[in-house]
Amino acid sequence: MAGSMAIAGSVKSREETLRTLREIERKVLWLSTWLIHNANHERQNLDGLKVGGHQASSASMTTILTALYLDVLRPADRVAVKPHSGPVFHVIQYLLGNQSQERLERFRGFQGAQSYPSCTKDADDVDFSTGSMGLGIAQTSFASLVQDYVRGKGWTKNSDEGRMIALAGDAELDECNVFEALYEGWKHCLRNVWWIVDYNRQSLDAVVTDRLFGKIKSLFQMMDWRVATLKYGLRLQAAFKQPGGPALERWLDECPNALYSKLVYAGGPAWREQILSDLASDAEVRSLLERYDDPALHELMTDLAGHDMQLLCDTFRGLDDDTPTCVIAYTIKGHKLPLAGHRSNHSGMLTREQIEQLRSDFEIESGSEWDRTAGLSLSDSELDQFLSRVPFNQSRSRRHQADRLPVPDRIAASANGVTSTQKGFGRLLFALAGDDGPLADRIVTTSPDVAVSTNLGGWINRRGVFSRQVLDDRRVQTGGHSMLNWELSPSGQHLELGIAENNLFLMLSALGLSHELFGERLIPIGTIYDPFIGRGLDALNYACYQDARFILVATPSGISLAAEGGLHQSLATPLIGMAQDGLAAFEPAFVDELAVILRWAFDYIQRDGSGEATSAWLRDALGGSVYLRLSSRPLNQPKRTLTSTDEQSIVDGGYWLKEPVPGASLAIAYSGVVAQEAIAAHEELAAEFSGAGLLAVTSADRLNAGWQASHRADEQSSVGSWIETLLEPLADDANLVTVIDGHPATLSWLGGVRGHRVESLGVEHFGQSGNLPDLYRHYGLDVESIVAACRRVH
Ligand SMILES: Cc1ncc(C[n+]2csc(CCOP(=O)(O)OP(=O)(O)O)c2C)c(N)n1
Ligand SMILES: [Mg+2]
């Protein structure tokens with residue numbers, strides 16, 4: 001008896017919880033709609049530009065987000081919120097006390113809540129930034145793999161395992177990177193991931209193709225995901241059980257998306273007319289419909305599962321194992337708003353009159369629009385009490401911190417004779433793999449099927465490949481005649497990916513956020529062929545936007561890989577390196593430079609990144625990620641011992657390989673492997689231009705950033721930039737010739753530093769197959785071209 005009373009009690013309290021959740025959901029719908037209205041129609045508009053925001057895309061997800069955040073999620077869970085439902089997220093955070101009214105009032109305004117959830121620019125609890133369709137979804141998979149990686153190492157035993165959850169738009173699934181991630185995830189036995197699809201059957205422009213959900217379902221099932229299709233709400237399901245119900249269900253199942261949307265917009269009378277005309281001969285359906293007046297019929301026919309609080313909560317709570325799961329939740333874009341179902345509702349907004357109507361429907365008095373409980377049956381303290389009990393709210397700090405790992409004073413670089421920076425990189429990592437310090441143990445390498453050809457083989461031989469399970473199959477291990485030990489186990493430190501470059505950058509993004517997401521510091525190093533950065537560029541930008549920390553090693557690069565031909569030759573990447581925020585780009589010519597830069601990079605990627613990097617100096621303090629553009633071209637390595645001043649110059653972006661005499665009339669500045677030609681040209685011109693300088697530019701990016709920052713510095717301050725200091729000895733009317741195996745604009749700005757005339761050599765047009773002498777001659781990077789430019793410029 002006592003037991004059944006307890007059960008009855010818990011059923012009752014569950015019902016109460018659901019009732020409260022539904023009430024709060026109404027508040028969330030109001031606040032998210034009002035937030036966008038306020039930004040567009042109430043706030044002063046100073047520039048005449050549309051502010052925007054997505055009321056319909058938000059309304060589509062209010063039930064799902066409310067169910068998740070206020071009933072289902074646990075603190076260890078991480079969410080990528082559908083970008084266009086950002087307002088719903090911010091409003092829930094507001095109710096939870098993690099977001100201020102002031103920031104909500106400034107939604108889409110300067111330092112207000114961001115248009116799309118941003119883990120770097122927003123003040124509330126954003127786990128993953130979203131905004132570029134598809135990337136946030138895939139990010140959750142890679143975050144889960146990283147969680148498995150750190151747990152596989154036994155590092156996070158005392159913390160809960162989280163579920164990585166993506167809230168996806170249905171049209172968002174068109175992005176190919178989603179399926180690249182799906183495929184990759186399968187290879188790694190992905191788990192603990194939910195992708196919840198807001199299946200509102202509308203994209204930006206149009207109503208999405210009927211039958212699509214079947215394809216989505218089978219794609220996921222093919223990858224061994226569990227698929228839960230949530231179509232109709234419980235009320236509609238109950239109606240289907242009434243006489244006439246099965247016919248109504250069939251009618252709804254067969255109703256084309258475009259017609260359904262049209263009827264949603266048109267409302268009760270239109271539903272009745274359409275159904276009665278389509279099922280004219282069915283008396284049971286007629287009498288079923290008679291039991292509903294027009295508003296009730298509209299309510300019934302729009303009772304989709306994605307708006308059914310109980311069904312959603314029960315479904316999510318029922319997902320109690322780690323199988324990756326896709327939930328296809330049927331919803332209505334603009335649900336409960338006058339925009340619902342309208343074909344062009346993506347950017348549609350309620351008129352003033354409509355918002356007034358909504359306000360009075362929700363019983364919110366004018367002036368109380370931001371009030372957390374206006375229109376609710378709950379008092380402030382009752383709301384607070386409810387929110388204090390929600391599982392998600394049981395931990396104060398969801399963003400972790402991790403100690404910085406000590407970086408060795410020096411990394412051994414035994415590069416004598418003739419070798420390339422790519423080979424040098426392989427050797428440096430091989431040396432690190434033999435190190436038993438904490439840094440080496442936290443290095444994790446990853447590569448999109450180019451680990452061997454980017455010289456990671458030595459590292460992998462020593463440190464192994466990561467897999468959650470040990471693959472102990474001797475036949476596989478000894479099957480080939482490779483020197484490579486491809487042993488798979490949880491202790492491995494290389495994560496091998498398929499070719500898709502988007503996946504590389506998303507993996508780096510997840511690895512590079514491990515300290516914040518899981519409290520475990522990693523030193524991620526990703527290798528890629530330089531030209532294919534372009535393939536994953538948006539994902540790289542996304543990783544940097546989230547302030548993920550990693551080292552990107554891109555090799556080979558430029559036309560210097562010669563025989564591989566035009567599509568393997570990268571021209572624009574030096575400019576990408578300069579322009580990409582959050583990424584310090586280097587192009588060393590020699591291995592000893594690379595060793596210095598790599599050591600520095602280990603420190604730089606660990607610097608504490610809170611705050612906004614508005615100048616080179618701030619960026620330096622805050623840290624970021626690092627891009628190394630390397631080459632497979634062997635060069636004669638200088639025999640020298642670098643002093644700490646030399647090392648600092650290399651990191652700051654450049655040094656004089658041949659110091660100019662004071663008042664020198666010429667300097668050649670080079671970056672990367674064309675060092676050999678620059679040195680030879682400099683020697684050839686020694687008599688003609690005595691005292692000319694030869695400037696090694698190890699990072700055009702850092703030189704340029706410092707120079708830009710010095711312009712903006714307070715005029716009273718005496719801080720100059722490193723490049724100004726470097727160029728100081730040259731005569732005012734000296735000439736510069738710059739050379740790089742990449743776009744010449746990378747270095748041509750050097751002329752602007754002190755007003756020197758400049759001629760810039762580089763590659764502006766697609767390359768082609770050839771040997772190095774032919775190509776350098778053709779594209780004007782050979783010694784003769786440099787010498788000719790030096791003479792011309794005079
Ligand atoms: C990479 C990228 N391409 C295009 C866009 C522009 N865009 C924003 S929303 C959208 C359609 C979204 O439809 P869906 O995912 O179904 O979301 P809904 O608004 O219907 O919930 C598009 C094309 C974008 N934000 N990112
Ligand atoms: Mg949609």
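Since this is a predicted model, take the numbers as computed values, not measurements. Both counts, for ligands and for their atoms, begin at 1 and track the order of listing.
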Enquirer: When you look at CD1 of Ile499, are more than 12 heavy atoms from neighbouring residues, nucleotides or ligands closer to it than 6.0 Å?
Expert: no
Enquirer: Check whether the side chains of Glu353 and Gln357 place a donor and an acceptor atom closer than 3.5 Å, and report yes or no.
Expert: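 There is no such pair (donor and acceptor under 3.5 Å, judged by atom type) between the side chains of Glu353 and Gln357.
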Enquirer: So, Gln114 versus Asp122: side-chain donor-acceptor pair below 3.5 Å or not?
Expert: no
Enquirer: Looking at residues at least two apart in the chain, or sitting in another chain, which of them share a side-chain contact (heavy atoms from CB on, under 4.5 Å) with Ala206?
Expert: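 Result, side-chain contact (heavy atoms from CB on, under 4.5 Å) vs Ala206: Ser203, Arg343.
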Enquirer: I'd like to verify the contacts: list protein N, O or S atoms under a distance of 2.8 Å from the Mg ion (ligand 2).
Expert: Asp170 OD1, Asn200 OD1, Gln202 O
Enquirer: Could you tell me whether Arg108 sits above the aromatic face of Tyr116, with NZ or CZ closer than 6.0 angstrom to the six-membered ring centre and within 45 degrees of the axis?
Expert: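 Checked: cation-pi criterion met.
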Enquirer: For the pair Trp271 and His298, name the ring-plane relationship: parallel under 30°, tilted 30 to 60°, perpendicular over 60°.
Expert: tilted
Enquirer: Could you give all pairs that pass the ring-ring contact (aromatic ring centres under 6.0 Å, His included) test and reach residues 54-74, with sequence neighbours left out?
Expert: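 Those involving residues 54-74 are His54-His84, His54-His346, Tyr69-Phe89, Tyr69-Phe392.
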Enquirer: Would Arg549 and Ser625 count as having a side-chain donor-acceptor pair, cut-off 3.5 Å?
Expert: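 Absent: no donor and acceptor within the cut-off.
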Enquirer: List, ordered by chain and residue number, the protein residues whose closest non-hydrogen atom lies under 4.0 Å from any atom of ligand 1.
Expert: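 Ligand 1 pocket, heavy atoms under 4.0 Å: Ser57, Lys82, His84, Gly131, Ser132, Met133, Gly169, Asp170, Ala171, Glu172, Glu175, Asp198, Asn200, Gln202, Ser203, Leu204, Lys333, His346.
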Enquirer: Using the ring of Phe128 (Phe, Tyr or Trp, six-membered ring only), decide whether Arg78 places NZ or CZ under 6.0 Å from its centre and within 45 degrees of its axis.
Expert: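 Relative to the ring axis of Phe128, which defines the angle, Arg78 lies outside at least one limit.
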